[in-house]
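Notes follow the structure.
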Amino acid sequence: DDADDGVLKEGAAEKSPSGAERRGRDEVTYDFFERHLWPLMVAKEKPEAAFAGLGPKELREAAAGPALQQAVRKCALKPSVVFREIVSFIKGSSAALDAAGGRLSRDEYLALGRKMAPTFDRSDGDDAADGGRAEVWEYFLRYEAWKAAYGAYDVMDAAAAIFAVIRDVGYPGPRIDEVYVDEVQDFTQAELRLFLACCADPNAVFLTGDTCQTIARGVGFRFDDITTMFFHLREAQAARLKAEGRTLAEGDCVQVPEVNKLSTNYRTHNGILGAASELVSLLLALFPASVDALAKDRGHFDGPRPLLLSRSTPDDLAILLVGSDPSHSQIEFGAHQAVLVRSQASKERLPAAFANALVLTIFEAKGLEFDDVFIFDFFEDSPADERTWRVVTGCDGSGAAAASGGGGGDATDEEAAWAAQIGGAPRAEAFDRQRHALLNEELKMLYTAVTRARVKVIIYDSSTEKRRPLFH
């Protein structure tokens, strides 16, 4: 949960099997990383040289201090980018499980191909100040040091420890003949390796997901990487069998799975799918290695394109929604309608007009569907700044098509009035893959929000500048 600060049983005591009292440990979620670790990492101080002897509570207070927060604001690298490199590649890749200590070495990380780890080139140099992988590696070392100072752990630590036990003594649990994984894009390769290690037949695994919905913090997922993982597992199995002088029937060997690409959507109509497809086109144009290239989704029927509300203040919005005459309200909230926001804090800022609505964060709504979805202040609450959003202005096929659903054709009177109201297209920002890496996450987040709807999508945003590139 994005509202959780990552603390598990903080300060709580529990009893061990022997009856002794022991303290709970902190799990490093993304929120914990960003709030409590990143400021200390950016300060470039080592735990033994700074804040020596402080406990977790004092370290949190230090991380929230003005000096370290100022350092965070000046840092060119975004915390989400560093967190993803650590969780998905340095510690969460399949190769990391097989490496000493459950993590890649510096040389192995720097040598990763761009298709697997697309934010940085493998050639990004040895200079830790160049903003490339060498700098990320330095942040990783600080991360591990400060994590230890907190007495914390992350999911990849747990995955490596469990995998080491299974590798040494085998899986001791009840027999598992088949494994089915939905929303597979939320898992790292290391976690998927654990599923394979627990399954009696590594070929009896069914995975399904959508790389455009990879919004779990820290996870970079592509189906191509999964097929590559199975290929390496097959090669390792063949080498092991040869060394042991054994053979297996072809059907018993690890197989590289076939990827079936689905393009027919039975839930959503073409009006919404058109807008979603434009977001996918932006992802493919800007971050081609971060998603799997698929045919555009198609539905069985047409429907209204997303409605963009131009009102720019909550008071105006309240009048627009309920007004003095409820019969003219554009939205009727009920069991099949939902308001989607960026965070738990965003829920607290909603106008009173939404008092009786079902309000969810986009993370909470993932995997769910509703007839009508109202997306509130997506751009206003986005960590990406206005200049980052202006990148999409320079992409072919963005502009009005991305916001309106890509219907094309001559503008209606309503569309002409809308264009006049929001003005011309904002000046395009030159794209830099590293500096604008956050846009990858943001476009996937918006795609996930839009595709929660079966019938109608309504988008309101109070940030006229940040919304403008996609609204235009």
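Every value quoted in this text rests on a predicted model; they were computed, and no experiment measured them.
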Residue pair Lys91, Glu144: steps toward the salt bridge (Lys or Arg N to Asp or Glu O under 4.0 Å) verdict: CA-CA 11 Å; Lys91 299 183 70 174; Glu144 288 293 307; 3.0 Å; yes

List the steps and the verdict of salt bridge (Lys or Arg N to Asp or Glu O under 4.0 Å) for Asp26 and Arg60. CA-CA 12 Å; Asp26 294 341; Arg60 289 188 181 89; 2.7 Å; yes

With salt bridge (Lys or Arg N to Asp or Glu O under 4.0 Å) as the test, would you mind laying out the steps for Asp371 and Lys456 before giving the verdict? CA-CA 6 Å; Asp371 286 345; Lys456 185 187 298 182; over 6 Å; no

Any chance you could lay out the salt bridge (Lys or Arg N to Asp or Glu O under 4.0 Å) test for Glu369 and Arg454, step after step, and finish with the verdict? CA-CA 7 Å; Glu369 57 186 56; Arg454 288 189 291 257; 2.6 Å; yes

Please assess Ser281 against Lys296 for the test side-chain contact (heavy atoms from CB on, under 4.5 Å), listing each intermediate value before the final yes or no. CA-CA 9 Å; Ser281 296; Lys296 289 187 176 182; 4.1 Å; yes

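Residues satisfying the ring pair (Phe, Tyr, Trp, His ring centres under 6.0 Å) test with Phe301, not counting sequence neighbours, are none. Every residue two or more places apart in sequence or in another chain that forms a side-chain contact (heavy atoms from CB on, under 4.5 Å) with Ala71 is listed here: Val42. Asp381 pairs by the side-chain contact (heavy atoms from CB on, under 4.5 Å) definition with Arg342, Ser346, Arg349, Asp377, not counting sequence neighbours. For His232, the ring pair (Phe, Tyr, Trp, His ring centres under 6.0 Å) criterion is met by no residue, not counting sequence neighbours. In this structure Arg222 satisfies the side-chain hydrogen bond (donor to acceptor under 3.5 Å, both in side chains) test together with Asp225, sequence neighbours excluded. Under the rule for a side-chain contact (heavy atoms from CB on, under 4.5 Å), the partners of Val391 that lie at least two apart in sequence or sit in another chain are Leu286, Glu429, Phe431, His436, Leu439. Listed by chain and number, the residues in a side-chain hydrogen bond (donor to acceptor under 3.5 Å, both in side chains) with Thr188 are Glu191 (sequence neighbours excluded). Here Tyr171 pairs with nothing under the side-chain hydrogen bond (donor to acceptor under 3.5 Å, both in side chains) rule; sequence neighbours left out. With sequence neighbours excluded, no residue forms a side-chain hydrogen bond (donor to acceptor under 3.5 Å, both in side chains) with Tyr139. The salt bridge (Lys or Arg N to Asp or Glu O under 4.0 Å) check on Lys466 picks up nothing, with sequence neighbours excluded. For the side-chain contact (heavy atoms from CB on, under 4.5 Å) test, residues two or more places apart in sequence or in another chain that qualify with Lys366 are Glu183, Gln185, Asp186, Gln213, Ile215, Thr448.
A donor-acceptor contact shorter than 3.5 Å links the side chain of Asp461 to the backbone of Phe379. Ser88 places a side-chain N or O within 3.5 Å of a backbone atom of Gly220 that can act as its donor or acceptor partner. Of the possible polar contacts, none joining the Asp297 side chain to the Leu273 backbone as a donor-acceptor pair under 3.5 Å is found. Of the possible polar contacts, one joining the Arg452 side chain to the Leu368 backbone as a donor-acceptor pair under 3.5 Å is found. A donor-acceptor distance shorter than 3.5 angstrom exists from the side chain of Glu364 to the backbone of Thr361, with no hydrogens or angles considered. Between the side chain of Arg106 and the backbone N or O of Glu138 there is no donor-acceptor pair closer than 3.5 Å. A side-chain donor-acceptor contact under 3.5 Å links His269 to the backbone of Val455. Under the 3.5 Å distance criterion, the side-chain polar atoms of Arg390 are matched with a main-chain donor or acceptor of Arg427.
Taking the side chain as every heavy atom from C-beta outward, Val359 and Phe376 never approach each other to under 4.5 Å. The shortest distance between side-chain heavy atoms of Leu196 and Phe230 falls below 4.5 Å. For the pair Tyr447/Thr451, a side-chain contact is recorded, criterion being any heavy-atom separation below 4.5 Å from C-beta on. Residues Leu309 and Phe374 have side chains in contact (heavy-atom distance under 4.5 Å, counting atoms from C-beta outward). Under the 4.5 Å side-chain criterion, counting only non-hydrogen atoms from C-beta, Leu284 is in contact with Val291. Side-chain contact between Leu360 and Phe370: present, with at least one pair of heavy atoms (C-beta onward) separated by less than 4.5 Å. Using a 4.5 Å cut-off on side-chain heavy atoms (C-beta onward), Leu438 and Val81 make no contact. The shortest side-chain heavy-atom distance between Thr208 and Val181 does not fall under the 4.5 Å cut-off.
How far OG of Ser94 is from CG of Leu233: 5.0 Å, rounded to the nearest 0.5 Å. The CG atom of Asp98 lies 5.5 Å from the CZ atom of Phe163; values are rounded to the nearest 0.5 Å. Taken from CD in Glu178 to CG in Asn203, the straight-line distance is 11.5 Å, to the nearest 0.5 Å. The distance from atom CG of Leu40 to atom CH2 of Trp38, rounded to the nearest 0.5 Å, is 11.5 Å. Annotation: the span from Glu441 atom CD to Leu283 atom CG amounts to 11.5 Å, rounded to 0.5 Å. Residue Arg84 holds its CZ atom at 12.0 Å from CD1 of Ile90, rounded to the nearest 0.5 Å.
Closest approach of Pro306 to Gly271, counting heavy atoms only: CD-O, 3.7 Å. For the residue pair Pro288 and Ala285, the shortest heavy atom distance occurs at CD-O, 4.3 Å. Taking each heavy atom of Leu68 and Ala43 in turn, the nearest pair found is CD2-CB, 3.3 Å. The two residues Gln69 and Pro39 come nearest to each other via the heavy atoms NE2-CG, 3.7 Å. Residues Cys199 and Asp177 come closest through the heavy atom pair SG-O, 3.5 Å. The two residues Ala160 and Gly102 come nearest to each other via the heavy atoms CB-CA, 4.2 Å.
For the pair Arg133 and Tyr109, the cation-pi criterion (under 6.0 Å, within 45° of the ring axis) is fulfilled.
Atom NZ of Lys147 has more than 12 heavy atoms from other residues, nucleotides or ligands within 6.0 Å. Within 6.0 Å of CZ on Arg217 lie more than 12 heavy atoms contributed by other residues, nucleotides or ligands.
Applying the ring-ring contact (aromatic ring centres under 6.0 Å, His included) test to residues at least two apart or on different chains, the pairs with a partner in residues 63-96 are Tyr30-Phe83, Phe33-Phe83.
Between Phe378 and Trp389, the ring-plane angle classifies as perpendicular under the 30° and 60° cut-offs. The aromatic rings of Phe32 and His36 lie perpendicular to each other, with more than 60° between the two planes, well past the 30° mark.
Between the side chains of Asp385 and Thr388, at least one donor N or O lies within less than 3.5 Å of an accepting N or O. In summary, the side chains of Glu442 and Ser382 do present a donor paired with an acceptor at a separation below 3.5 Å, with no hydrogens or angles considered.
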